[in-house]
Amino acid sequence: MSTIKENLLKVMDQIEKAAQRAGRNPKEIKLVAVSKTVGVDRIKEAIEAGVNILGENYVQEAQKKIEEIGHKVAWHFIGHLQSNKAKVAVRLFDVIHSIDSLPLAQELNRRAEREGRRVKVMIEVNLSGETTKFGVEEGKALSLAKDMMLLNHLSLEGLMTMPPYFDSPEMSRPYFIHLRELKKRIEKEGILIKELSMGMSNDFEVAIEEGATYIRVGTAIFGPRK
Ligand SMILES: *Cc1c(COP(=O)(O)O)cnc(C)c1O
């Protein structure tokens, strides 16, 4: 068995156990295999092993891979998106996890309209206040969500967050709880938020316990990045 397949089986087992601990159906949790810096051959190996959603951080890097591999799998964009890449992003990606401003949302909406598409997106929330992180401040998430309701070619699917890196996954838990509560507050205003995109290699089990519906896992599947 290939290492990627072994890694994937291990992650899937961890997903199932974390879901059981939380009394959740493991099928509610969708695994985004994060393939930034990973070459096409190893991505194909992951697809053969059962991966059906790939997550990429850079538009140009993803474009080459998507041309070669195609759309038999879903491609999600999880990195910071610049408005000047919106046009390509709308063509390439099934879901964009990282909307962090109204101008970006508006540009994607314009591009999606021209393509005759409705693009699934999520709002990235910066809960730690770290200036090195992208994402909207928590206090601005609701008003961004409201403004996005007026953009008919975007479908707001969920919220995404990335806590600071901690060695102990338990340290991420308050951030995951926080995102879940923010989702509730937005829903109280009549805006349905289906998805919570949270949890990476080191803390996805905790994220699942706190309600993640998408986890974004790179290293635990593909090994350390160079
Ligand atoms: C790279 C990346 C991941 C995956 O990180 P790992 O620790 O390798 O699992 C998840 N989400 C985002 C936004 C990333 O940039």
Side-chain angles (χ1 to χ4, degrees), residues 3-15 18 29-39 42-43 45-47 49-63 65 73-82 85 89 92-101 104 120-136 141 157-173 175-176 178-179 195-226:
T3 323
I4 289 175
K5 181 156 190 181
E6 275 172 13
N7 290 349
L8 184 66
L9 288 175
K10 184 166 170 228
V11 167
M12 281 170 10
D13 185 57
Q14 287 172 290
I15 292 171
I29 297 131
K30 298 170 287 271
L31 172 64
V32 179
V34 176
S35 48
K36 60 171 174 252
T37 77
V38 177
R42 296 171 66 231
I43 296 176
E45 226 177 290
I47 294 170
V51 157
N52 54 18
I53 307 173
L54 289 155
E56 287 281 342
N57 288 59
Y58 307 100
V59 173
Q60 270 175 325
E61 180 187 339
Q63 188 165 21
K65 295 176 186 177
V73 288
W75 294 89
H76 288 204
F77 190 78
I78 63 171
H80 177 63
L81 187 61
Q82 287 164 321
K85 302 268 167 64
L92 290 176
F93 297 103
D94 300 283
V95 184
I96 296 170
H97 290 229
S98 44
I99 304 302
D100 59 5
S101 74
L104 173 62
K120 292 180 177 170
V121 297
M122 298 194 227
I123 294 176
E124 178 174 359
V125 188
N126 179 347
L127 293 173
S128 63
E130 285 175 293
T131 49
T132 52
K133 288 257 161 71
F134 294 107
V136 289
E157 302 282 305
L159 304 178
M160 185 269 244
T161 200
M162 202 169 153
Y165 180 83
F166 300 110
D167 285 325
S168 159
E170 276 304 319
M171 301 283 284
S172 298
R173 191 182 297 274
Y175 295 90
F176 298 148
H178 214 112
L179 195 70
E195 314 283 2
L196 287 173
S197 169
M198 57 189 198
M200 316 193 340
S201 290
N202 67 322
D203 57 13
F204 70 85
E205 292 165 285
V206 175
I208 290 169
E209 289 170 10
E210 299 305 338
T213 61
Y214 278 112
I215 56 171
R216 309 179 309 271
V217 179
T219 310
I221 296 172
F222 293 107
R225 288 181 288 275
K226 267 150 236 149

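This structure is a prediction, so every number in the text was calculated from the model and none was measured. Atoms within a ligand are numbered from 1 in the order they appear, just like the ligands themselves. Because only heavy atoms are used, hydrogens play no part in the values below, and waters and symmetry mates are left out as well, while side chains stay in.
- Applying the salt bridge (charged side-chain N to carboxylate O under 4.0 Å, His left out) test to residues at least two apart or on different chains, the pairs with a partner in residues 157-166 are Glu157-Lys194.
- Taking only nitrogen or oxygen atoms, main chain and side chain alike, Gly218 reaches within less than 3.5 Å of ligand 1.
- Among protein heavy atoms, the minimum distance from atom 9 (O) of ligand 1 is reached at Ser201 OG, 2.5 Å.
- Scanning all protein heavy atoms for the shortest distance to atom 12 (C) of ligand 1 gives Ile78 CD1, 3.5 Å.
- Relative ring orientation between Tyr214 and His76 is described as perpendicular, the plane-to-plane angle rising above 60° on a 0-90° scale split at 30° and 60°.
- In this structure, the side chains of Leu8 and Leu31 come closer than 4.5 Å at one or more pairs of heavy atoms.
- Closest to atom 1 (C) of ligand 1, if we only count protein heavy atoms, is Lys36 NZ, 1.3 Å.
- At the shortest separation from atom 8 (O) of ligand 1 among protein heavy atoms lies Thr219 OG1, 2.5 Å.
- In this structure, Ser201 and Ala220 approach most closely via the heavy-atom pair OG-N, 2.9 Å.
- Those atoms of ligand 1 with a heavy atom of Met162 less than 4.0 angstrom away are 13 (C).
- Set against the non-hydrogen atoms of Asn57, the atoms of ligand 1 under 4.0 Å away are 14 (C), 15 (O).
- No donor-acceptor pair under 3.5 Å is formed between the side chain of Arg216 and the backbone N or O of Ile78.
- Summary of contacts: the protein heavy atom closest to atom 5 (O) of ligand 1 is Met200 CE, 3.6 Å.
- Ranking the protein heavy atoms by distance from atom 11 (N) of ligand 1 puts Arg216 NE, 2.9 Å first.
- Within the 4.0 Å heavy-atom shell around ligand 1 one does not find His97.
- Counting heavy-atom neighbours within 6.0 Å of Phe166 CZ, excluding the residue itself, gives a total above 12.
- On a distance-only criterion, Asn202 and ligand 1 share no N/O pair closer than 3.5 Å.
- Every atom of ligand 1 is numbered from 1 in the order shown, and the set under 4.0 Å from a heavy atom of Val217 is 9 (O).
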Checklist entry - Can you list the steps and then say if Glu195 with Lys30 is a salt bridge (charged side-chain N to carboxylate O under 4.0 Å, His left out)? => result CA-CA 10 Å; Glu195 314 283 2; Lys30 298 170 287 271; 3.0 Å; yes
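- Lys65 is linked by a side chain to side chain donor-acceptor pair (under 3.5 Å) to Glu56, Glu61, counting only residues two or more places apart in sequence or in another chain.
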